[in-house]
*Asks:* 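I'd like to ask you about the structure that follows.
Remember, it's a predicted structure, so these values are computed and weren't measured experimentally. We name chains A, B, ... by the order of the sequence lines, and we start the count at 1 in each one.
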Amino acid sequence: MPELPEVEAYRRFFAEHAEGRTVLAVDVLDPALVRNAAPGDVGGALTGRRFEEPGRHGKWLVCPAAGPTLLFHFGMTGDLVWSGDEPDRHRHDRLVLVFEDGELRYRNMRRLGGVWLALDDAELKVVLGGLGPDAFAVEQEEFLGSLSRRRGGVKAALMDQRLVAGIGNLLADEVLWQARIHPRRPVEDLGSNDRVRLFRTMRRVLAGAVEHFDYLETRRRWLGRVRGQPGGRCPRCRTALSRTVVAGRTTYFCPSCQR
DNA sequence: TCAGTTGTTTATAT
DNA sequence: AATATAAACAACTG
């Protein structure tokens, strides 16, 4: 379920297993998931290179290797697996980075997402240039500025990666529930107090989710834990949650708390 | 068999 | 020009 917090966990996982290590080989098991280069280009660019500290922007994992950069997007079902934790390759493993002490596998059941290669900053910008600032790093001033230029529903705005990068369907519902804002509320109707509360709530939710990225199961007072459950009730007021479609996605909210 | 699914892109409509 | 909506992508699960 890769939104910003999960990708941050992947970033740390990548750092643990790949940072500072030299690529011995790249096995492209599913050429279609190398999205912007010929399959052989990835190994050509990375073999013999050493990965540096990985970064993250929104839902993208950015892995520089002293020159070329490998980028991962996880779609809905992407994952990273270390061979030490799981000896055998899996049929959904799409690309494998081979190191001296093991291999790191990019797994993706549904094949949404994939792997991108950038050879320099210009190519990096082609891949990431359309994204807004990272939702966990953006300053309040910039966020409010973007909101002021935005019209339409607030949930659509939060999920728009050009506005801020990293918020997906579940986190958008979580942020709006915690901020007590109705997902269909037009941005232009929000007062400045609502906007500031939205920003602070977004930061708090992201911080909590990055800290405990199993928040969907374990966070007792969060919406995520009950959304989708039959008969799910608002953790604050016990009102039965509403389920609808907003911005094309299944949306849960509390009709009592979120006016 | 059928509905549903956490992401993004594209086409079309407003 | 922006925003909204639906479909497509793809491969499962219940």
*Asks:* Parallel, tilted or perpendicular: which one describes the rings of A:Tyr106 and A:Phe72, with boundaries at 30° and 60°?
*Replies:*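 The rings of A:Tyr106 and A:Phe72 sit tilted, inter-plane angle from 30° to 60°.
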*Asks:* At less than 4.0 Å, is any side-chain N or O atom of A:His73 found next to OP1 or OP2 of B:dG7? Yes or no.
*Replies:*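 Indeed not, no polar side-chain atom of A:His73 lies that close.
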*Asks:* Is the phosphate of B:dT5, meaning OP1 or OP2, less than 4.0 Å from a side-chain N or O of A:Thr250?
*Replies:*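 Yes, such a contact exists.
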*Asks:* Would you find more than 12 non-hydrogen atoms of other residues, nucleotides or ligands less than 6.0 Å from A:Arg151 atom CZ?
*Replies:*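 Counting other residues, nucleotides and ligands, CZ of A:Arg151 stays at 12 neighbours or fewer.
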*Asks:* For A:His90 and A:Arg105, which I'm curious about, is there any donor-acceptor pair between the side chains at under 3.5 Å?
*Replies:*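 No, no side-chain donor-acceptor contact under 3.5 Å.
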*Asks:* Give a yes or no on whether a salt bridge exists between A:Arg12 and A:Glu8, defined as a side-chain N under 4.0 angstrom from a carboxylate O.
*Replies:*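 Between A:Glu8 and A:Arg12 there is a salt bridge, with a charged N closer than 4.0 Å to a carboxylate O.
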*Asks:* Find the distance A:Met159:CE to C:dA2:P and express it as a whole number of Å.
*Replies:*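 It is 20 Å, rounded to the nearest whole Å.
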*Asks:* Between A:Asp173 and A:Arg249, does any NZ, NE, NH1 or NH2 come within less than 4.0 Å of an OD or OE carboxylate oxygen?
*Replies:*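 Salt bridge between A:Arg249 and A:Asp173, a charged N being under 4.0 Å from a carboxylate O: no.
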*Asks:* Locate the shortest heavy-atom distance separating A:Phe74 from A:Lys59; write the atom from each residue and the value.
*Replies:*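 Closest heavy-atom pair between A:Phe74 and A:Lys59: CD1-O, 4.3 Å.
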*Asks:* If you compare all heavy atoms of A:Gly78 against all heavy atoms of A:Pro2, which two are closest, and at what distance to 0.1 Å?
*Replies:*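 The answer is O-CG, 4.0 Å.
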*Asks:* Atom CG of A:Leu158 and atom P of C:dT3: how far apart are they, to the nearest Å?
*Replies:*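 Result: 14 Å.
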*Asks:* If you count the non-hydrogen atoms of other residues, nucleotides and ligands that lie under 6.0 Å from CG in A:Asp121, is the total more than 12?
*Replies:*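 No, not enclosed.
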*Asks:* Nearest whole angstrom, please: distance from the C1' of B:dT5 to the CD of A:Gln229.
*Replies:*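 These atoms are roughly 16 Å apart.
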*Asks:* Are A:Trp82 and A:Leu80 connected into the same hydrophobic cluster when the rule is that any two of I, L, V, M, F, W, Y join if their side-chain heavy atoms are below 4.5 Å apart?
*Replies:*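 Yes, because A:Leu80 and A:Trp82 connect within a single hydrophobic cluster, where side-chain heavy atoms sit under 4.5 Å apart.
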*Asks:* So which protein nitrogen or oxygen atoms get under 3.5 Å of nucleotides 10-14 of chain C's nitrogens or oxygens?
*Replies:*
{"from": "C:dA10", "atom 1": "N1", "to": "A:Arg110", "atom 2": "NH2", "distance (Å)": "2.6"}
{"from": "C:dA10", "atom 1": "N3", "to": "A:Arg110", "atom 2": "NE", "distance (Å)": "2.9"}
{"from": "C:dA10", "atom 1": "N3", "to": "A:Arg110", "atom 2": "NH2", "distance (Å)": "3.1"}
{"from": "C:dA11", "atom 1": "OP1", "to": "A:Arg111", "atom 2": "NH1", "distance (Å)": "3.1"}
{"from": "C:dC12", "atom 1": "OP1", "to": "A:Arg91", "atom 2": "NH2", "distance (Å)": "3.0"}
{"from": "C:dC12", "atom 1": "OP1", "to": "A:His92", "atom 2": "NE2", "distance (Å)": "2.8"}

*Asks:* What is the distance, rounded to the nearest whole Å, between atom CG of A:Asn36 and atom P of B:dT8?
*Replies:*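 It works out to 17 Å between those atoms.
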*Asks:* Looking at B:dT5, I'd like to know if its phosphate oxygens (OP1 or OP2) sit under 4.0 Å from a side-chain N or O belonging to A:Arg243.
*Replies:*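 Answer yes for this pair, as a side-chain N or O of A:Arg243 is under 4.0 Å from OP1 or OP2.
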*Asks:* For the pair made of CD in A:Glu6 and P in B:dT5, what is the distance, rounded to whole Å?
*Replies:*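 Distance check: A:Glu6 CD to B:dT5 P gives 17 Å.
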*Asks:* Looking only at side-chain N and O atoms, does A:Arg236 offer a donor or acceptor that is under 3.5 Å from a partner on A:Ser256?
*Replies:*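 No - no donor-acceptor pair under 3.5 Å links their side chains.
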*Asks:* If you assign A:Arg150 and A:Arg249 each to the DNA chain C nucleotide with the nearest heavy atom, which residue ends up on the more 5' nucleotide?
*Replies:*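 By nearest-heavy-atom nucleotide position, the 5'-most residue is A:Arg150.
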*Asks:* Answer with base, sugar-phosphate or nothing: what part of the nucleic acid does A:Arg162 contact at a heavy-atom distance below 4.0 Å?
*Replies:*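 A:Arg162: no heavy atom of the nucleic acid under 4.0 Å.
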*Asks:* Please classify the nucleic acid contact of A:Gly113 as base, sugar-phosphate, or nothing, using heavy-atom distances under 4.0 Å.
*Replies:*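 Answer is nothing: A:Gly113 stays at 4.0 Å or more from every strand.
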*Asks:* Would you mind reading off the distance between A:Glu188 atom CD and C:dA4 atom P, rounded to a whole angstrom?
*Replies:*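 Computing the A:Glu188:CD to C:dA4:P distance gives 9 Å.
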*Asks:* Calculate the interatomic distance between A:Asp173 atom CG and B:dT5 atom C1'; express it in whole Å.
*Replies:*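 Rounded to the whole Å, the gap is 14 Å.
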*Asks:* Answer yes or no: is there an ion pair linking A:Glu86 with A:Arg107, defined by an N-O contact shorter than 4.0 Å?
*Replies:*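 A salt bridge is present here (some side-chain N lies under 4.0 Å from a carboxylate O).
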*Asks:* Thinking salt bridges, do A:Arg89 and A:Glu103 make one under a 4.0 Å N-O criterion?
*Replies:*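 Here A:Arg89 pairs with A:Glu103 in a salt bridge, since their nearest N and O are under 4.0 Å apart.
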*Asks:* Please give me the minimum heavy-atom distance between A:Pro68 and A:Leu46, naming the atom from each residue.
*Replies:*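 Between these two residues, the closest heavy atoms are CG-CD2, 4.0 Å.
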*Asks:* Tell me the interatomic distance from A:Leu147, atom CG, to C:dA2, atom C1', rounded to whole angstroms.
*Replies:*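 That distance rounds to 15 Å.
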*Asks:* Which comes earlier along DNA chain B counting from the 5' end, the contact point of A:Lys59 or that of A:Tyr252, where each point is its nearest nucleotide?
*Replies:*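 Comparing both residues, the 5'-ward one is A:Tyr252.
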*Asks:* Which protein N or O atoms sit under 3.5 Å from an N or O of nucleotides 9-12 of chain B?
*Replies:*
none

*Asks:* Quick one: label A:Gly248 by what it contacts on the DNA or RNA (base, sugar-phosphate, nothing), any heavy atom closer than 4.0 Å.
*Replies:*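 Nothing, no heavy atom under 4.0 Å.
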*Asks:* In dot-bracket notation, what is the pairing pattern of DNA chain C, taking Watson-Crick (N1-N3 plus N6-O4 or O6-N4) and G-U wobble (N1-O2 and O6-N3) contacts under 3.5 Å, with [ ] crossing and | for other strands?
*Replies:* .||||||||.||||
*Asks:* For atom P, what is the distance between B:dA11 and C:dA10, given to the nearest Å?
*Replies:*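 Roughly 16 Å separates the two P atoms.
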*Asks:* Has A:Gln161 got a side-chain N or O lying under 4.0 Å from the OP1 or OP2 atom of B:dT8?
*Replies:*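 Checking B:dT8 against A:Gln161, a side-chain N or O does come within under 4.0 Å of OP1 or OP2.
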